[in-house]
Amino acid sequence: YQYKNAPKYLDRLEALNSFKGNLSNPKVYKCVKLALNDKWNGHRSKAISLLGEASDAQFTELKPLIVAIAKNDEKTMVRADAIEFLSKHYKGDDISQIFANAMNEKSYVVLGAGLNGLAKENPQAAMQKAKDLENENSDNIRYTIMDLYSNYGDDKNNAFFINQKDNFGGFEAMGFINMYGQFLKRCNDVTVLSGAEVIKGYTVKGKSNAYVKYVALKVLKDMVNRYQ
């Protein structure tokens, strides 16, 4: 009742939040589906997130709805959320085509979501696409490529991390350090040693805040443990 009748953004969001874990209730499921067409884009994204708990039968019904959002929603963030949803829950040539189309988008969030989807079904094709995107000035794309390389890359991709390290300062450096540490697990000893020096730089007094220093020390410790 609150979602359908409350006019204010936060009241409707509160109603949506209360639906979490209750999609087995037909009335709740119907309301969340209704929210896919909400006038507020934040509510549409929230609905997509909630539908990740759908049943198999519900996923079958939801597919054309989410596909339509991925293709047509006026907000790129909602389209990106829909593409991420599709990559998690569906396979098929039609879904692959959505990922391929996303590679031609100007929006970095849509492009990144498409690259993530492509990586799940064809890592090598995603790696090639990532190579073409390495110089894009977008943290979203940088994180997407780092995640891809940390799971599928090798020594040849080390230069990308080295070139990107100065783009992540403050608390963002923690994400960079963790991904770089994960990537180095896939590399030879020479690359690991050079990478360790980069990470060690974050432990120098006055270089980073205490949280970043802690993460850097933890990653270095994990690297040492792998060689013992």
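The figures here come from the full heavy-atom set of this structure, side chains too, leaving out hydrogens, waters and symmetry mates.
When side chains are defined from C-beta on, Val212 does not count as touching Lys207, because their heavy atoms never get closer than 4.5 Å. Lys91 has its side chain out of reach of Ile95: every pair of non-hydrogen atoms, C-beta onward, lies at least 4.5 Å apart. Looking at Leu133 and Tyr108, their side chains never come closer than 4.5 Å, going by heavy atoms from C-beta outward. You'll find the side chain of Lys120 reaches within 4.5 Å of the side chain of Lys88, heavy atoms only.
In this structure, Met223 and Ile199 approach most closely via the heavy-atom pair SD-CD1, 4.1 Å. Residues Asn41 and Lys75 share a closest heavy-atom pair of CB-CG, 3.5 Å. Nearest heavy atoms, Ala70 versus Ile83: CB-CG1, 3.8 Å. Contact record, Met103 with Leu115: CE-N, 3.0 Å, taken as the closest heavy-atom pair. Here the closest heavy-atom approach between residue Ser150 and residue Met179 is recorded as CB-O, 3.6 Å. The nearest pair of heavy atoms linking Phe99 to Leu118 is CD1-N, 3.8 Å.
When only modelled atom types and interatomic distance are considered, Tyr152 and Asn157 share no side-chain donor-acceptor pair under 3.5 Å. A donor-acceptor contact under 3.5 angstrom links the side chains of Thr191 and Asp155, judged on distance only. Between Asn178 and Lys218, the side chains place no donor N or O within less than 3.5 Å of an acceptor N or O (distance only, hydrogens not considered). Side-chain N/O atoms of Tyr29 and Gln58 include no donor and acceptor closer than 3.5 Å. Side-chain contact check for Asn158 and Tyr180: at least one donor-acceptor pair (N or O, by modelled atom type) lies under 3.5 Å. Asp93 and Gln97 share no side-chain donor-acceptor pair at under 3.5 Å.
For the atom pair Asp139 CG and Gln164 CD, the distance stands at 8.5 Å (nearest 0.5 Å). Going from atom CG of Asp189 over to atom CG of Leu184 covers 11.5 Å, rounded to the nearest 0.5 Å. Separating the CD1 atom in Ile66 from the CZ atom in Phe59 is a distance of 9.5 Å, to the nearest 0.5 Å. Between atom NZ of residue Lys71 and atom CG of residue Asn101 there is a gap of 8.0 Å, rounded to the nearest 0.5 Å. The structure places CD of Glu172 at 9.5 Å from CG of Asn167, a figure rounded to the nearest 0.5 Å. Within the model, atoms CE of Met127 and CG of Asp132 stand 12.0 Å from one another, a figure rounded to the nearest 0.5 Å.
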Would you check, one step at a time, whether the test side chain to side chain donor-acceptor pair (under 3.5 Å) holds for Arg142 with Asn137? CA-CA 8 Å; Arg142 292 184 185 110; Asn137 187 24; 2.8 Å; yes
Dump the intermediate steps for ring pair (Phe, Tyr, Trp, His ring centres under 6.0 Å) on Tyr143 and Phe168, then the final yes or no. CA-CA 10 Å; Tyr143 275 118; Phe168 300 101; 4.9 Å; yes
Verdict with reasoning, Lys33 to Leu62, per side-chain contact (heavy atoms from CB on, under 4.5 Å): CA-CA 8 Å; Lys33 280 200 305 176; Leu62 289 169; 3.9 Å; yes
Given the rule in the side chain to side chain donor-acceptor pair (under 3.5 Å) test, do Asn17 and Lys46 qualify, once you have shown the distances and angles that lead to the verdict? CA-CA 8 Å; Asn17 285 331; Lys46 182 65 178 181; 3.0 Å; yes
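Here the side chain of Asp38 pairs no donor or acceptor atom with the backbone of Leu34 at under 3.5 angstrom. Put simply, the side chain of Thr60 gets close to the backbone of Asp56: a donor and an acceptor are under 3.5 Å apart.
Test Val78, Val110, Asn37 against Asp73 for side chain to side chain contact (heavy atoms under 4.5 Å, CB included) and you get one pass: Val78. Asn116 pairs with exactly one of Thr144, Leu111, Leu148 by the side chain to side chain contact (heavy atoms under 4.5 Å, CB included) rule, that one being Thr144. With Phe183 as the fixed residue, the ring-ring contact (aromatic ring centres under 6.0 Å, His included) test singles out one of Phe176, Tyr149, Phe160, Phe161: Phe161.
Within a 6.0 Å radius of CG in Asn72, other residues, nucleotides and ligands contribute more than 12 heavy atoms. Heavy atoms of other residues, nucleotides or ligands lying less than 6.0 angstrom from CG of Asn135 number 12 at most.
A salt bridge links Asp154 and Lys156; the closest N-O separation between the charged side-chain nitrogens and carboxylate oxygens is under 4.0 Å.
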